[in-house]
Structure formats: C-alpha cells, structure tokens
Amino acid sequence: MRIRLWFRFLSIVLATTPVPFAFSYRVAVFGGTGYIGRRVCQTLCDAGCDVVSVSRSGRPPSYFASGAWVEKVKWLHADLLHDNAFGGGINDPGFSGDDLLLPDLGKIDAAISLVGNVRPNPEWASSSFFGLSFDDDRLFRENGLTNERACWLSKAAGAGRFIFVSVSYETAKALEGPIPGYLEGKRVAEHAAALAFGEDRTVVIGPSLVYGGKRFLSAGDTWRKIVESSPVRVWLATQDFFRNLSSAPVQDWLEKLIFSPPVKVDTVAMVICTAALGGIEKEVVPPRRQEFYNTDGKPVYYDDVVFIDGTHEIERLANQCSTIRKQARSEATASLIEVDCMESVQNGNADLSKGGLSSEEGDESDLLEPPFEGALIGLKPYLYPLPVIATFLSIFAAIVTGQFDTLNQQYYDKSVSM
C-alpha cells in the first residue's frame, strides 16, 4: 500500500512541477476566499496548478491580497444558493454542460468545496429560553444545497474528483440532535458528490476544531496540550469505563467533542490539496463509522466515500504525504531545473501564518483585517445566554453560601421584634 502511494505521489510531483513541459492541472476552489480556502489556493498555486476561486465576493480579502500567488488565481463571483444555477440535477435527462452557471470556469480537473456555515440566527429568539436559536432550513440550504450545486457545476466542467470539507465523527455525533439541519445539509452534499464522482473519487475531510495563522494560535496549542495530557486522558478513560458497565451504555458525544484535539489550518490545507491532486485513496484510510440517527430515531447512513476522520488521521496522512513527497522530489527532480515545487506544502506553509501578506512591515491592507481572521464574525448570538446563565449561577452561589438562610433569619428576627 505504501509503495503504491509512493508511486502515486511521484507522478503527482512530476505532473505539478512548474517546468516548461509540465501540463496544467486546473482546480476549482469553492469558498476560496475563506479561512481555509485562501490557504488552499496559495498551496495549489505554489504547486504549479491553475486555480479558480469561486465565492460570493468574487475577490480575495483586501488584507490577504498582497501575496504574489493572488495574481495567479482566477477569482470568480457566484452565489450558488440564490442564483439560478441549473434547471435540474445531475440525474436529470436534460442536464449538460450548457447548464453551467459560470462559463468562465472553463475545464477543470478537480474541485474543492470549503463552503459551510454553522452560525446561529443573529436575532434574539423570544421562543428560546436562552435567546439562542438555529434556523435548520437556512443551515440545510447553506451547507447542503450550495455544495450540491457546486458538485453539479464541477461535474459539468469536467472535474474528475471532488474534495469536500465536513466535520469529524465526534463532532457530527454531538451536533446531530441540536443542529440537525447542518448535518443533513452536509450529508446531502456528500451524497451528491458520491453520485456525481463515485465514492472512490469523493474525498471528505473531517476536522474538529481548526485553528492557526492569526486565529487563536497560542490558545489552540495550549488547549491541545491540555486535552492530550495524561490527567485528561485518564479521566476520559475512566468515564468510558463506568459508562460501559451499563447494560445500555450511552456515549457523551459533547464531552468527546470538547476534548477532541484541534488541528492546524495549514495541515488541513495540505491534506486537502493532496487529495485534490489524487494522492489519497480509500485504501489508505480506515473504514468510515456510521451509527447516525435522525430526529425521529431512525438510522441515517452516509455514503462510503474516502473519509479522513479527525485530527490524528489528518496529521497521519499529512506526515506520510510530506515524507513521500520529499523522497519523490529528491529522486525525480534532481536533473530538472531548480524549482521549489510544493515547498509550502512540505514546510507547513510558513508564509500562511502571516496571513498571506508580504514580508514588508506596516502594510496598510493589514489594518483592514478583522480580529482572528474573522473568527468572531457572526458569533454575537452566543452571548445571548450569558445573562440567564449568570442569573442561575448567582442563585446557585447564594444557596451554596447560605445567603438565603441568612436573609430568612434576618426576616424572621425582624418579624419577632415587631
């Protein structure tokens, strides 16, 4: 298996080395202006690929637009959710390349979709006790229909494989009850990709929490050290041991989600690009876990696509791919011109931690960058439950400290004295 993967990467390195006789490998990146997307675009450009970014804005963020790679990307505008993308789906008899929404996309070899949204409703929900709510219909459209149309568009443009970013198994199990619209949308998108490209040519990346660059780098490193520390591991193992003593053990998926190790965005981008270049096959990943249920308690099955589940699996493939790629480059490109192909992939995208900006200090475009690369945008609704939580905590503290007993005694003494 390793030998087969080695020769796979050897052909990839030769095909993507930007030398005069190398052919052009064209990749479409849906959501290429986002947190992960712009790193994927840069990595593919550095690998010598032709990259087309498709997003609602149609242009890179102003604070991320000064890198040389930006000029190599073709930036296209499209709103796949609201535009009339197609008259039908890939299974409709009338579906053809003429149904393309983006004729400027041209012929592509692979497609990557990084489109997704799990943000809550921005308004205070009076029907919710905590004021926080999610619109399952909106989440289904933005995570399902949008990516489904991206599949149709990519298939009609000639793509041979489709790479889709979803969530890890633990994350999906934790969210399948509270936010069913989000997961149903992801499942529908995966199914559309499996129908369009086949299960062996559909690769789904399932990270948990992604961090890095200017987004909580120190906090992410610290939290990972905590969740992978010996005391936490012993505590989690003890919890699982006592749960398994029950005749009907129930897993605490929220706990597993919270204590899942986060993964760096550069590592995720590296694996995504490797998959887009055809370097990851089903034989190199474990079988996909199922056991999902809908809100009615009925089982729900995901397609048996190439699923890269969780931080450890992503990092395992990233490390293996990096090692094999270095071997391939050293043996296959020694006699070629000195071109540092795929350097950003091998070295963990060192420039990406700078947000894609030039090395010059004082760049005015950097002043426009939102905090933490926009990680806090749209998260204000998560503050809505705080007043209610603070009230309950105050009541609980008063009970524990005996403040209520003191007030009752004072009231009683005052009544007796009167």
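As the structure is a prediction and not an experimental result, all values here were calculated from the model. Counting from 1, the numbers follow the sequence of the chain as shown. In what follows, every heavy atom counts, from backbone to side chain, and hydrogens, waters and symmetry copies are set aside.
- When all heavy atoms of G160 and R201 are compared, the closest pair comes out as O-CD, 3.1 Å.
- Closest non-hydrogen pair, P262 versus R224, comes out as O-NH1, 3.3 Å.
- With no hydrogens or angles considered, no side-chain donor-acceptor pair links Y182 and N117 at under 3.5 Å.
- For the pair K155 and F162, the NZ or CZ position fails the cation-pi test of under 6.0 Å to the six-membered ring centre and within 45 degrees of the ring normal.
- The distance between the ring centers of Y211 and W223 does not fall below 6.0 angstrom.
- Atom CZ of R56 has 12 or fewer heavy atoms from other residues, nucleotides or ligands within 6.0 Å.
- Between R38 and T33, the closest heavy-atom pair is NH1-O, 3.0 Å.
- For the residue pair I205 and P207, the shortest heavy atom distance occurs at O-CD, 3.2 Å.
- Put simply, the side chain of N143 never gets that close to the backbone of G185: no donor and acceptor are under 3.5 Å apart.
- Partner of W75 under the side chain to side chain contact (heavy atoms under 4.5 Å, CB included) criterion, chosen from V54, V70, V51: V70.
- Considering only heavy atoms from C-beta on, K74 stays 4.5 Å or farther from L105 through its side chain.
- A donor and an acceptor atom, one from each side chain of S113 and N147, are located under 3.5 Å apart.
- The heavy-atom pair separating V203 from I280 by the smallest distance is CG2-O, 4.3 Å.
- Stacking of R288 on the aromatic ring of F307 is recorded, both the 6.0 Å distance cut-off and the 45° axial limit being met.
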Checklist entry - When you look at D240 and D252, which way does the side-chain contact (heavy atoms from CB on, under 4.5 Å) test go after all the steps? => result CA-CA 9 Å; D240 290 337; D252 189 344; over 6 Å; no
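- Of all heavy-atom pairs between R233 and V227, the closest is CG-O, 4.3 Å.
- None of L44, D46, V268 except one satisfies the side chain to side chain contact (heavy atoms under 4.5 Å, CB included) rule with C273; the exception is L44.
- Atom CZ of R289 sits in a crowded spot, with more than 12 heavy atoms from other residues, nucleotides or ligands closer than 6.0 Å.
- The backbone N or O of E291 sits less than 3.5 Å from a side-chain atom of K173, completing a donor-acceptor pair.
- A centroid separation of less than 6.0 Å is found between the aromatic rings of F292 and Y302.
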